[in-house]
Amino acid sequence: MQRLKTHITLSDKIDYKQAAIANFMRTYRKTYRAEAGDYAIKGFDEGMYFGRMLGENKGEIKNLTTTDFNGLHNNFHFIKKPGVGYINTHVSVMDYRNYQLRKVE
């Protein structure tokens, strides 16, 4: 894959070396006496994003297309497509460097 300079899209890669992720994992472990899985991290981000929107807008989701969010793992930027609904355009593009998946900047 590396020799072919393959690029892939990915929304599931969690960088456990990132300080914010390490802090989340430590807090989660202390609070729940269990390891946080991928879904715990993703759920935290979703809860923070939509929870803030609900709190700021008195229980309604408003400004979905103008309110972006950078979380521990998920980034949200929504667009509205007629006949489809809202789509999160955040997609990570990854490539293989030094035999590891790395985010393409």
Side-chain angles (χ1 to χ4, degrees):
M1 297 299 267
Q2 185 166 303
R3 281 188 293 132
L4 294 173
K5 298 182 180 177
T6 303
H7 287 64
I8 61 171
T9 58
L10 186 69
S11 64
D12 292 351
K13 177 113 170 80
I14 295 173
D15 182 4
Y16 288 97
K17 295 176 185 174
Q18 185 183 32
I21 296 288
N23 185 48
F24 174 84
M25 297 298 283
R26 198 171 24 259
T27 303
Y28 190 96
R29 197 176 299 121
K30 183 179 177 183
T31 302
Y32 299 107
R33 293 175 172 54
E35 291 296 318
D38 297 355
Y39 291 116
I41 297 167
K42 292 176 187 185
F44 177 81
D45 285 346
E46 292 165 5
M48 291 297 292
Y49 177 66
F50 290 107
R52 282 184 185 162
M53 289 188 74
L54 288 168
E56 291 171 359
N57 297 307
K58 299 181 179 155
E60 292 184 42
I61 301 279
K62 294 181 181 176
N63 307 320
L64 193 61
T65 58
T66 59
T67 306
D68 293 346
F69 178 80
N70 293 320
L72 295 175
H73 172 66
N74 300 299
N75 295 328
F76 297 108
H77 174 79
F78 286 95
I79 60 170
K80 186 172 184 180
K81 288 208 167 202
V84 176
Y86 292 93
I87 298 171
N88 182 12
T89 61
H90 166 72
V91 175
S92 294
V93 177
M94 311 290 277
D95 69 358
Y96 287 93
R97 284 178 274 150
N98 299 324
Y99 302 100
Q100 293 181 359
L101 272 177
R102 304 278 175 120
K103 187 172 183 179
V104 175
E105 299 298 328

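Side chains included, hydrogens not; waters and symmetry mates left out as well; all remaining heavy atoms used.
Under the ring pair (Phe, Tyr, Trp, His ring centres under 6.0 Å) criterion, Phe44 pairs with Phe24, sequence neighbours left out. The side-chain contact (heavy atoms from CB on, under 4.5 Å) test applied to Thr31 returns Thr27, not counting sequence neighbours. By the salt bridge (Lys or Arg N to Asp or Glu O under 4.0 Å) test, Arg29 pairs with Glu35, sequence neighbours left out. Evaluation of the side-chain contact (heavy atoms from CB on, under 4.5 Å) rule for Lys81 yields Ile79, Val84, Ile87 as partners, not counting sequence neighbours. Residues satisfying the salt bridge (Lys or Arg N to Asp or Glu O under 4.0 Å) test with Arg52, not counting sequence neighbours, are none. For Arg26, there are no side-chain hydrogen bond (donor to acceptor under 3.5 Å, both in side chains) partners, not counting sequence neighbours. Residues meeting the side-chain contact (heavy atoms from CB on, under 4.5 Å) test with Leu64, sequence neighbours left out: Tyr49, Phe50, Met53, Ile61, Phe78, Tyr86. Residues satisfying the side-chain contact (heavy atoms from CB on, under 4.5 Å) test with Tyr99, not counting sequence neighbours, are Gln2.
The two residues Ala34 and Tyr28 come nearest to each other via the heavy atoms O-CD2, 3.4 Å. The two residues Ala20 and Leu72 have their closest heavy-atom pair at CB-CD2, 3.4 Å. Scanning both residues, Phe69 and Asp45, for their nearest heavy atoms gives CE2-O, 3.7 Å.
Taking the side chain as every heavy atom from C-beta outward, Asp95 and Thr6 never approach each other to under 4.5 Å. Counting heavy atoms from C-beta on, the side chains of Met25 and Tyr16 come closer than 4.5 Å. Considering only heavy atoms from C-beta on, His7 comes within 4.5 Å of Val104 through its side chain. Proximity of Ile14 to Asp38: side-chain heavy atoms (C-beta onward) are separated by under 4.5 Å at one or more points.
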Review point. Given Ile21 and Asp15, is the side chain to side chain contact (heavy atoms under 4.5 Å, CB included) satisfied, shown in steps?
Key: CA-CA 7 Å; Ile21 296 288; Asp15 182 4; 5.6 Å; no
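Although no hydrogens or angles enter the test, the distance criterion places no donor-acceptor pair under 3.5 Å between the side chain of Asn57 and the main chain of Gly59.
Atom NE2 of His90 sits about 6.5 Å away from atom NE2 of His73, to the nearest 0.5 Å. Note that CD of Glu46 is 9.5 Å distant from CG of Asn88, once rounded to the nearest 0.5 Å.
Residue pairs meeting the side-chain hydrogen bond (donor to acceptor under 3.5 Å, both in side chains) criterion with at least one member in residues 59-71, sequence neighbours excluded: Asp68-His77.
Other cluster members for Tyr39: none, since no ILVMFWY side-chain heavy atom sits under 4.5 Å from it.
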